[in-house]
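Only one structure is covered here, and it is reproduced in the block below.
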Amino acid sequence: MKFAEYKQLNLPEINKEVLKYWKENNTFRKSLNLRENNEPFVFYEGPPSANGRPGIHHVLSRTIKDLFCRYKTMQGYYVERKAGWDTHGLPVELQVEKKLGINKYEIGEKISVEEYNRHCKHDVMQYTDVWEELTELMGYWVDLDDPYITYEPKYIESLWWALKELYKRGLLYKGYTIQPFSPAAGTALSSHELNLPGCYRDIKDVTGVAMFKVKRDDRSEFLFRDVDTDLYILAWTTTPWTLLSNTALAVGEKIVYQKIRTFNPYTGEPVTVILATDLVPDYFKPEGAEAEMKYNPGDKVLPWRVLGEYTGKELSGVRYEQLFPYKQPDEGDAFRVVIGDFVSTDEGTGIVHIAPSFGADDMRVAKQNGIGALTLVSERGKFVDGVGEFSGRFVRPEYEQGYDRETKEIEEKYARGEINQRQYEKEKDKIADKYNVNIDIVVKLKKEGKLFKSEKYTHSYPHCWRTDKPILYYPIEAWFIRTTDRKERMIALNQTINWQPPSTGQGRFGEWLKNMVDWNLSRTRYWGTPLPVWVTDDGKEVKVIGSYQELIREIEKAVEAGVMKENPFKDFVPGDMSKENYEKIDVHRPYVDRIVLVSDSGKPMKREEFLIDVWFDSGAMPFAQQHYPFENQEKFKRYFPADFIAEGVDQTRGWFYTLHALATMLFDSVAYKNVVSNGLVLDANGEKMSKRKGNVVDPFEAMDKYGADAIRWYMMTVSPPWENLKFDLKGVEEVIRKFFGTLYNTYNFFALYANIDGFKYAEKDIPYQQRPEFDRWILSLLNSLIKEVHDSLDRYDPTHAGRAIQKFVIDDLSNWYVRLNRKRFWGGEYDNDKISAYQTLYTALETVAMLMAPLAPFYAERIYQDLNKVTGRRSGESVHLLDFPHADESMIDKDLEGKMEVAQRISSMVLSLRRQAKIKVRQPLAKILIPVIDSKIEEQVNAVKDIILSEVNVKEVEFIKDTTGVVVKKIKPDYKKLGRKLGKLMKNVAQALAQMSQEDINKFEAEGKWTFDIDGQTVELSLDEVEIITEDMPGWMVKTEGKYTVALDVTITDELRNEGIARELVNRIQNFRKELDLNLTDRILVFVENKPLVRGAIESHADYIKNQTLARSLELVDSPIDGYPKKDVEVYDETLYIQIQKLN
RNA sequence: CGGGAUGUAGCUCAGCUGGUUAGAGCGCCACACUGAUAAUGUGGAGGUCGGAGGUUCAAGUCCUCCCAUCCCGACCA
């Protein structure tokens, strides 16, 4: 059996073949079975939603998941990988709505909920086969046979259990959330409904700057210094109707405010007001600052004087009098100044009036500060009773029937052309004003001396797409999880999680936790996990159901009590965990809504018609996928928390958060110990991929063309995966050409010669110490590499690992080791040296295959199998069944690695010199000179002398010990050492050193110390605090790099010239052989035109030429021999012909 | 508006705890090397390390502010 040799590298083809192999041999299954009794490494798969096709970004996150799972498997862990599907939620619903051509409000009318949900259930899985195909093609090993699916009855039962647990702990409660609400339609609108085109339209509002009178008490006393009038805080609003429900004022913590003595513009009464310094010019003209402090309403200039300045922080806590004291909030300590992080000085007064019921920010800041709310407006958009003359009025004119009627009339008039556009708009405004309660409110404020300014203001505002009326922000009933109650714990537990990158954990996620609000769990949709909460009509009795068994028990009670006719799930057998049994129960809507339970006091209870947030579904997967606690209690304990998860950064507030929140609240634990959050995949220009732009990369096409390995490798190595990836197929091509191409060539080289020599790794390992230095060097690097890959992957840094492997393969193995050791593989005896070379190269290739297996599973498999099939050295039939290599520290020889670096460095310097001298490498030269200032250099260079000499084609190296007069020395400070010692003198000393003469330097070297007088201070330096290097050797071709200096002797003697010519001839003959398509081992006869140029060379180097070209004979001929292939070649600027005849 | 990330050569990226000529690959130009190579070597062009301050003997690296791009979230009182 021979090592497979390849004509070309075809990664997509290898992909297919390896895939086939894995399938036929059940390799994934085997990799699991092999480790079954080992310690588990727990991985959680974040469930994708299969209602859309996967994109290239999914390849990114799945590569990360896969590679660490493979890595840990190879390290001996048992890594179960259960796939999952996220099946509920809005995207599916919207898709179904679109497909059926209906909207949310037509569900239950045009189509039954039952049928609608059937569509959802079907459609959500419509792309599963595409997803599975991607999973397989990209080599993502995950168990697709038994996935968890969030809509399945068992899964939902676990969710119910969790909800009841939370309820029992007082963490589930009903409250309010401020949501866009359409009073005309009587329904809340989702954010996506607000994003429908045309929803934002300009509306005209009456705005007012209201004056809130400060209460004089201990807290506010400091404000009243120098104040001889009432003191007011100014706040601007575009919705004066919310002023009746005001319960607080918000200032910015760092915003600066001024206290200004002035007059009420409407009443003329002297007042003192507070507003943001930045906004003062909006209200006060410069001339007012100088004007006499006298004012009558209607005067052009309002006089003003600044009395003081305060930050928002100083103002917080100050109390004020309620503006409209119709009603008081039931709870909380209202009418205070608080700090709001959303306050700005862009417009208004830099102070925001807070009506918690009608603004999300307002509600949040009120809750944080323990301030209650007033909701003096009904769901219809009408003031409630008990607010004086405003009771019963709509808060916006558009809601009034009269408004509709009258505007319609005007519109018709305009349509008939009876009025022009200007008249039309004017009339419309008039109607709006007539019905506008806000104007009345402003007027009332004006009369009461509580208004500072009023204006009409046009701005864009969301409208309800169904009724065309402006929306209202309104408190809507909702169920919450009291996450804020466990906030500190969540923050503490987060500190123990290893985030990659760390900034996402501390910053993005950490900050989010700090500013967390309670989790609004409820959704008013159809396709999702129903909230298992039943409530009596009066809302006083609540039952939360935590299992199907409990549900059925309660249903039976209800049937007994007569509130339900029969049990719809009577076939379900509690306690029977079989699939068949669970198929008998479905608690999705509408079925669950038909269940009416009975309260302990005998009242009927209806379900709260909410679904829960789909994020709860996925955040619950650690236990819900096991149907915990109903089944798998033991297993869950072993498989919680996860050792590792990975998803995109966009999941920070999604899956990462819900996993963390639920784990903290339910189990007081983290849900995952290590997490990698990858960045986005952008196109080659750094723009987001979108169908609209047409810059989307199709993962199937890409993998089909380049193979999954190349895509995976590229994604992991081009930049750290947590950075955004600019996905460029050119980069993928480069990866193939450079990394995979070089590796392939190295393998092919090995295979070619190993087959010729019949190497099968049959011999015993040649002991490490008996291997040539070169072999020990590459083995040292190899083991260093193993260590580095280990370290990087343990840190969850695949980029570093991949780059290290890549560097090793390209630079060290191929371009240095193989290149310089080629001769050992071809020709010659099959002796220990050769065997050592084969064994070493084999080991390197095999190890590289193992190291790269997690990242590039296909090609790694191919190389490994190609090698192992012949040698049978390992029993593992797949590279993925092997143990990940361990570094053999005894083979790491940093000294040797350093020496080789010197060789590479000096070779490169000499090559550079040759280039300057315009002397080809093929022309041998006599010697190089290396001045040795420190004896270590001689030692180092000597160790690798032969390598250097053969690499640069020079006969010998000479060390110059007595450098006096031969070289020019330069002395440099060791900044690190001296900087600390000298401090400020550093600069001067550096200067002084630069000015030292050659004699001074020699003297310094001889004496070992040197003193300077600088600014009257004496500084003594020792030799180890400076670095002495040679810079030049007059009369020689010299190159200096760091502490190495090399000079090249460029004299070409006749002898050297002949040798050069001989080498040229060898090259020409070899090229000709290649052209003639001869086999590597074919013997030949060679004839060369008899010219003076080559005569000497052939005389003295005939054996060398014959040896190199496998020529039986080498003859000079005066005329070509008929019938033998002939070629004109150029040697040293002369043209001559050569002929080759193959021998049989 | 808030939180986060990023900004180094035309492009993609390195640059560890601050230490003195700021690196690599790709691309471009030129020359060379090669019986494994789709490679490789050498040279060239290309950088005020996003900007401005500051700390320090010394800043790409630490601090402050600003700008640009991107992500997430909120929202306009």
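Letters A, B, ... are given to chains in the order of the sequence lines, protein chains preceding strands, and every chain is numbered from 1.
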(message) Should A:Tyr975 be counted as stacked on B:rU20, where stacking needs a ring-centre gap under 5.5 Å and an angle between planes under 30 degrees?
(response) yes

Rounded to whole Å, the OH-C1' distance (A:Tyr714 to B:rU12) equals 7 Å

Determine, for A:Lys514 against A:Glu511, whether the closest basic-nitrogen to carboxylate-oxygen distance falls under 4.0 angstrom.
-> yes

When rounded to whole Å, the CE to P distance for the pair A:Met516 and B:rG4 reads 16 Å

Is any side-chain N or O of A:Lys738 closer than 4.0 Å to OP1 or OP2 of B:rG25?
no

note: A:Trp722, atom CH2; B:rC70, atom P; distance rounded to Å ~ 23 Å

Answer with base, sugar-phosphate or nothing: what part of the nucleic acid does A:Asn1067 contact at a heavy-atom distance below 4.0 Å? sugar-phosphate

Taking the C1' atom of each, how far is B:rC16 from B:rG23, in whole Å?
15 Å

Quick note, A:Arg653 side chain, CB onward, closest among B:rA14, B:rU42, B:rG73 is B:rG73

ask   = Which class fits the ring pair A:Tyr474 and A:Phe358: parallel under 30°, tilted 30 to 60°, perpendicular over 60°?
value = tilted

Using Watson-Crick geometry (N1-N3 plus N6-O4 or O6-N4) or G-U wobble (N1-O2, O6-N3), each under 3.5 Å, B:rG47 is paired with none

Practice task
Assign A:Ile736 to base, sugar-phosphate, or nothing according to its heavy-atom contacts below 4.0 angstrom with the strands shown.
Solution key: nothing

_Ignoring hydrogens and geometry beyond distance, is a side-chain donor-acceptor pair present between A:Tyr6 and A:Asp866 at under 3.5 Å?_
yes

| message | Under 4.0 Å, counting only non-hydrogen atoms across every strand here, what does A:Leu9 touch: a base, just sugar-phosphate, or nothing? | response | base

Tell me what A:Glu723 touches on the nucleic acid: a base, only sugar-phosphate, or nothing, going by heavy atoms under 4.0 Å.
-> sugar-phosphate

Considering only heavy side-chain atoms of A:Thr746, the closest of B:rA74, B:rA38, B:rA36 is B:rA36

What's the gap between B:rC13 and B:rU8 when it is taken at their C1' atoms, as a whole Å value?
10 Å

If you take the centroid of each ring, where Trp contributes its six-membered ring, are A:Trp236 and A:Tyr457 closer together than 6.0 Å? yes

| said: Any base atoms under 4.0 Å from A:Lys807, or only sugar-phosphate, or nothing? Heavy atoms, all strands. | reply: nothing

| message | Please give the distance between the C1' atoms of B:rA59 and B:rA22 as a whole number of Å. | response | 12 Å

By the 4.0 Å heavy-atom rule, please label A:Gln1070 as base, sugar-phosphate, or nothing.
base

(Q) What I want to find out is whether A:Glu1064 reaches A:Arg1068 closely enough, with some N-O distance under 4.0 Å, to be called a salt bridge. (A) yes

Winner on side-chain proximity to A:Ser912, out of B:rG43, B:rU40, B:rA38, is B:rG43

Per nearest nucleotide of RNA chain B, the residue lying toward the 5' end, A:Arg1063 or A:Gly741, is A:Arg1063

Atom NZ of A:Lys976 and atom C1' of B:rU61 are separated, to the nearest Å, by 12 Å

- [ ] Provide the distance between the two P atoms, one in B:rC28 and one in B:rC72, to the nearest whole Å.
- [x] 37 Å

How would you label the contact of A:Asp361 with the nucleic acid (heavy atoms, under 4.0 Å): base, sugar-phosphate, or nothing?
-> sugar-phosphate

Presence of A:Arg737 side-chain N/O under 4.0 Å of B:rG27 phosphate oxygens OP1/OP2: yes

Between A:Tyr753 and A:Phe749, what is the ring plane arrangement, given parallel below 30°, perpendicular above 60°, and tilted in between? tilted

Tested for ring pair (Phe, Tyr, Trp, His ring centres under 6.0 Å) against A:Phe825, the lone hit among A:Phe750, A:Tyr842, A:Tyr838 is A:Tyr838

Exercise. What is the nucleic acid contact for A:Gly731, judged by heavy atoms within less than 4.0 Å: base, sugar-phosphate only, or nothing?
Worked result: nothing

Rounding to an integer number of angstrom, what distance separates B:rG44 and B:rG25 when you compare their P atoms?
14 Å

Distance criterion of 3.5 Å, no angle test: do you see the side chain of A:Ser814 paired donor-to-acceptor with the base of B:rA39?
no

Pairwise P distance, B:rA5 and B:rG41 [rounded to whole Å]: 38 Å

Under 3.5 Å, is there any donor-acceptor pair linking the side chain of A:Arg803 to the base of B:rC13? no

Spacing of the C1' atoms in B:rA39 and B:rU20 (rounded, Å): 37 Å

The nucleotide from B:rA36, B:rA39, B:rC75 with an atom nearest the side chain of A:Tyr753 is B:rA36

Per atom distances to the A:Arg822 side chain, the nearest of B:rA38, B:rG3, B:rA36 is B:rA36

Whole-Å distance, A:Met986 CE to B:rG19 C1', equals 9 Å

Picking from B:rC71, B:rA39, B:rG4, the nucleotide nearest the side-chain atoms of A:Leu680 would be B:rC71

Closest to the side chain of A:Asp650, out of B:rC72, B:rC26, B:rU37, is B:rC72

Taken to the nearest whole Å, CZ/A:Arg508 to P/B:rC70 is 14 Å

Picking from B:rU6, B:rC75, B:rC33, the nucleotide nearest the side-chain atoms of A:Lys920 would be B:rC33

Re B:rU17: Watson-Crick or G-U wobble partner, both distances kept under 3.5 Å, found to be none

Re B:rA74: Watson-Crick or G-U wobble partner, both distances kept under 3.5 Å, found to be none

*Using a cut-off of 4.0 Å on non-hydrogen atoms, how would the nucleic acid contact of A:Pro720 be classed: base, sugar-phosphate, or nothing?*
sugar-phosphate

message = With rounding to the closest Å, how many angstrom separate the P atoms on B:rA52 and B:rA9?
response = 16 Å

Assert: residue with more 5' nearest nucleotide on RNA chain B, out of A:Arg819 and A:Ala360, is A:Arg819

message: Taking any heavy-atom pair under 4.0 Å as a contact, classify A:Lys730: base, sugar-phosphate, or nothing.
response: nothing

**OP:** Fit a plane to each ring of A:Phe759 and A:Phe3, take the angle between them on a 0 to 90° scale, and name the class: parallel (under 30°), tilted (30 to 60°) or perpendicular (over 60°).
**Re:** parallel

From OH of A:Tyr473 across to C1' of B:rA74 the rounded distance in Å is 11 Å

note: A:Leu725, atom CG; B:rC13, atom P; distance rounded to Å ~ 8 Å

Applying the 3.5 Å cut-off to both distances, the Watson-Crick or G-U partner of B:rU69 turns out to be B:rA5

Heavy-atom closest pair (A:Ala710 atom, A:Leu11 atom, distance to 0.1 Å) is CB-CD1, 4.2 Å

Of the candidates B:rA39, B:rA36, B:rA38, the side chain of A:Val818 sits closest to B:rA36

Picking from B:rU42, B:rC13, B:rA39, the nucleotide nearest the side-chain atoms of A:Ser719 would be B:rC13

